[in-house]
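Computed over heavy atoms, backbone and side chain alike; hydrogens, waters and symmetry mates excluded.
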Amino acid sequence: MEEFVEEKIEQLESSEETVVDAAVETPVEEVQAEEAEVVEMTEEEAAQSSENLEKLEQKRSVINNDAEKHKRLRDDLNKQTKEWVSKRDALNAQVRDLVEQAGKHREERDALNQKVRESKVFRDECNQKVTALTDEYHAMRKDQPQTDKDKDRPSIKQLRKEFSELERKQETQVLKKKDEEALVKRLKEIDMQIKELENAQELSGDLREKSAELREAKAEAEKYHKLVSEYAENAQKEHDLMITLYEQADALRKQADEAQAKFIECKKAADEEHKKHIEQIKSFHETDKDVAAIKNKQKAVRKKRTDADSKKAADDIFSRFKNGEKLSTEDLMALQKSGYL
């Protein structure tokens with residue numbers, strides 16, 4: 001360590017002339033006055049900058065909190081947006097399914113209505129045939145000769161009328177046992193007379209054939225009439241199912257439209273919150289730059305003050321050296337740091 005100190009002293013002695021000349025060029029009193037002025041200015045600036053820095057940091061904190069608030073609102077609205085989109089899509093999927101089902105029922109209804117129209121054509125043709133055969137049958141019956149016995153007998157029409165009246169009496173009146181038995185006996189007699197008359201009327205081969213043809217035509221007409229009724233009833237069922245499904249689809253479509261409106265509303269609100277968030281982030285960065293500028297300035301002031309203090313200490317050490325005082329290792333290091341060595 002002593003060797004190091006001696007070496008530094010020799011260096012100082014060899015550079016003494018140069019340093020002294022520099023000291024002559026810049027008097028110590030002038031340097032000290034200049035340093036005092038810098039220190040006084042930086043202290044004044046430091047007081048003002050500290051106040052400004054506190055205000056800016058408070059402002060930055062407020063801006064940051066506001067930015068975070070808008071971010072939370074934006075994220076919450078975006079979450080709601082996704083929920084409304086999911087609900088809307090689910091509802092629209094249900095609507096499509098219902099419409100597809102309704103379409104199938106509509107096709108089935110139309111197919112049944114077509115069968116109704118076709119069956120009506122056949123039924124009408126059969127009814128026309130029945131009418132024509134009925135006229136022919138009655139005409140042939142009129143041509144049948146009547147015996148004296150036939151003239152004394154009641155007609156089939158009269159017997160059927162009596163049969164219906166007795167049936168109604170049996171159903172609506174409370175009869176004694178004897179009267180009930182007599183009524184039932186008479187019903188059986190009338191039924192036998194009707195069958196005998198019908199058989200007697202159809203003794204003629206031509207009339208019998210015409211009667212059979214007429215019964216066949218009536219049966220055919222009745223068959224198509226039943227088909228018309230059956231097809232029409234089923235077509236109405238398909239139509240009712242179709243209408244019900246369309247009504248359900250319309251109700252769900254309305255809900256889907258409401259979900260779409262909510263989606264748009266939340267999307268616009270989320271975009272607005274995002275815009276405000278970005279604006280606050282920009283403002284935060286600008287304020288942060290101002291804070292950094294003040295801090296850098298304060299740091300520069302502190303460094304300048306430290307450098308001034310170091311230079312003053314070095315000047316004192318150098319003066320002591322010129323006065324012949326012995327310097328410590330710390331003194332030599334201070335001179336080296338200040339640029340004297």
- Donor-acceptor pair, Thr172 side chain versus Arg168 backbone, under 3.5 Å?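 Indeed, once roles are kept as given, a pair shorter than 3.5 Å links the two residues.
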
Please check: side-chain N/O of Asn64 versus main-chain N/O of Arg60, any donor-acceptor pairing under 3.5 Å?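 No: the side chain of Asn64 does not pair with the backbone of Arg60.
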
Item checked: Side-chain donor-acceptor pair present, Gln80, Asp76, cut-off under 3.5 Å ->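 Note: Gln80 and Asp76 side chains meet the donor-acceptor criterion.
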
- Give the C-alpha distance, both sets of side-chain angles, the deciding distance and a yes or no for side chain to side chain contact (heavy atoms under 4.5 Å, CB included) between Glu68 and Lys71. CA-CA 5 Å; Glu68 287 298 318; Lys71 181 182 178 182; 4.2 Å; yes

Looking only at non-hydrogen atoms, find the nearest pair between [X] and [Y] and report the distance.
{"X": "Cys266", "Y": "Thr81", "answer": "CB-OG1, 3.3 Å"}
{"X": "Ile63", "Y": "Gln280", "answer": "CG2-O, 3.1 Å"}
{"X": "Ala67", "Y": "Ile281", "answer": "CB-CD1, 4.2 Å"}
{"X": "Leu159", "Y": "Ile190", "answer": "O-CG2, 3.4 Å"}
{"X": "Arg88", "Y": "Ala256", "answer": "CG-O, 3.8 Å"}
{"X": "Val130", "Y": "Leu214", "answer": "O-CD1, 3.6 Å"}

Worksheet item: Which pairs with one or both residues in residues 266-317 pass ring-ring contact (aromatic ring centres under 6.0 Å, His included), sequence neighbours excluded?
Response: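 Checked against ring-ring contact (aromatic ring centres under 6.0 Å, His included) - neighbours excluded - no pair reaches residues 266-317.
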
Please collect all ring-ring contact (aromatic ring centres under 6.0 Å, His included) contacts where either partner lies in residues 176-195, sequence neighbours excluded, each pair once.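 Residue pairs with at least one partner in residues 176-195: there are none.
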
Next on the checklist: Would you say CZ of Phe163 has more than 12 non-hydrogen atoms from neighbouring residues, nucleotides or ligands within 6.0 angstrom?
Outcome noted: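 Above 12, so yes.
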
Between the side chains of [Y] and [X], is the shortest nitrogen-to-carboxylate-oxygen separation below 4.0 Å, so that they form an ion pair?
{"X": "Asp257", "Y": "Lys254", "result": "no"}
{"X": "Glu213", "Y": "Lys210", "result": "yes"}
{"X": "Asp250", "Y": "Arg253", "result": "yes"}

Task: Chi angles and distances behind the side chain to side chain contact (heavy atoms under 4.5 Å, CB included) call for Lys299, Lys295 - done: CA-CA 6 Å; Lys299 183 178 180 181; Lys295 286 184 176 180; over 6 Å; no

Decide salt bridge (Lys or Arg N to Asp or Glu O under 4.0 Å) for Asp66 and Lys69; before the verdict, give the C-alpha distance in whole Å, the side-chain angles of both, and the deciding distance to 0.1 Å. CA-CA 5 Å; Asp66 199 36; Lys69 180 190 73 174; 3.2 Å; yes

ask   = Residues in side-chain hydrogen bond (donor to acceptor under 3.5 Å, both in side chains) with Arg186, at least two apart?
value =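 Expected list: Glu162, Glu189.
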
For Gln114, all residues meeting side-chain hydrogen bond (donor to acceptor under 3.5 Å, both in side chains), sequence neighbours excluded: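 Listed in chain order: Arg117, Glu118.
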
Open item on the list: Applying salt bridge (Lys or Arg N to Asp or Glu O under 4.0 Å) to Asp124 and Lys120, what does each step give before you reach the verdict?
Closed with: CA-CA 6 Å; Asp124 293 344; Lys120 280 184 176 180; over 6 Å; no

Inset, instruction - Please test Lys176 against Asp179 for side chain to side chain contact (heavy atoms under 4.5 Å, CB included), starting from the C-alpha separation and ending with a verdict. - result: CA-CA 5 Å; Lys176 294 180 180 180; Asp179 295 335; 4.0 Å; yes

From [X] atom [atom1] to [Y] atom [atom2], the distance as rounded to the nearest 0.5 Å:
{"X": "Lys289", "Y": "Glu286", "atom1": "NZ", "atom2": "CD", "value": "7.0 Å"}
{"X": "Lys55", "Y": "Ser50", "atom1": "NZ", "atom2": "OG", "value": "12.0 Å"}
{"X": "Gln260", "Y": "Asp89", "atom1": "CD", "atom2": "CG", "value": "9.0 Å"}
{"X": "Leu183", "Y": "Glu167", "atom1": "CG", "atom2": "CD", "value": "9.5 Å"}
{"X": "Asp271", "Y": "Arg74", "atom1": "CG", "atom2": "CZ", "value": "10.5 Å"}
{"X": "Leu91", "Y": "Trp84", "atom1": "CG", "atom2": "CH2", "value": "9.5 Å"}

For this session: Kindly determine whether Gln236 and Asp240 satisfy side-chain hydrogen bond (donor to acceptor under 3.5 Å, both in side chains), including the steps that lead there.
Result: CA-CA 6 Å; Gln236 186 61 46; Asp240 293 341; 2.9 Å; yes

* To do: Not counting sequence neighbours, list each pair that qualifies as a side-chain hydrogen bond (donor to acceptor under 3.5 Å, both in side chains) and has a residue in residues 96-107.
  =>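 Residue pairs passing side-chain hydrogen bond (donor to acceptor under 3.5 Å, both in side chains), neighbours aside: Asp97-Gln101, His105-Glu238, Arg106-Tyr246.
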
Single-linkage hydrophobic cluster Val95~Leu245, side-chain heavy atoms < 4.5 angstrom: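 The answer is yes; both residues are in one hydrophobic cluster.
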
Among Asn78, Ile278, Leu73, side-chain contact (heavy atoms from CB on, under 4.5 Å) partner for Glu273 =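 One option only clears the test, and that one is Leu73.
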
Considering only distance and modelled atom types, tabulate donor-acceptor pairs under 3.5 Å from the side chains of residues 217-232, sequence neighbours left out.
{"from": "Glu220", "atom 1": "OE2", "to": "Lys223", "atom 2": "NZ", "distance (Å)": "3.3"}
{"from": "Ser229", "atom 1": "OG", "to": "His225", "atom 2": "O", "distance (Å)": "3.1"}

Discussion item. Is there a side-chain contact between Gln248 and Leu252 in this structure, where contact means two heavy atoms from C-beta onward sitting under 4.5 Å apart?
Written reply: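 No. Closest side-chain heavy atoms not under 4.5 Å.
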
Assess the residue pair Glu180 and Val184 against the criterion (side chain to side chain contact (heavy atoms under 4.5 Å, CB included)); give the C-alpha distance rounded to whole Å, side-chain angles, the decisive distance to 0.1 Å, and a yes or no.
CA-CA 6 Å; Glu180 177 77 19; Val184 171; 4.1 Å; yes

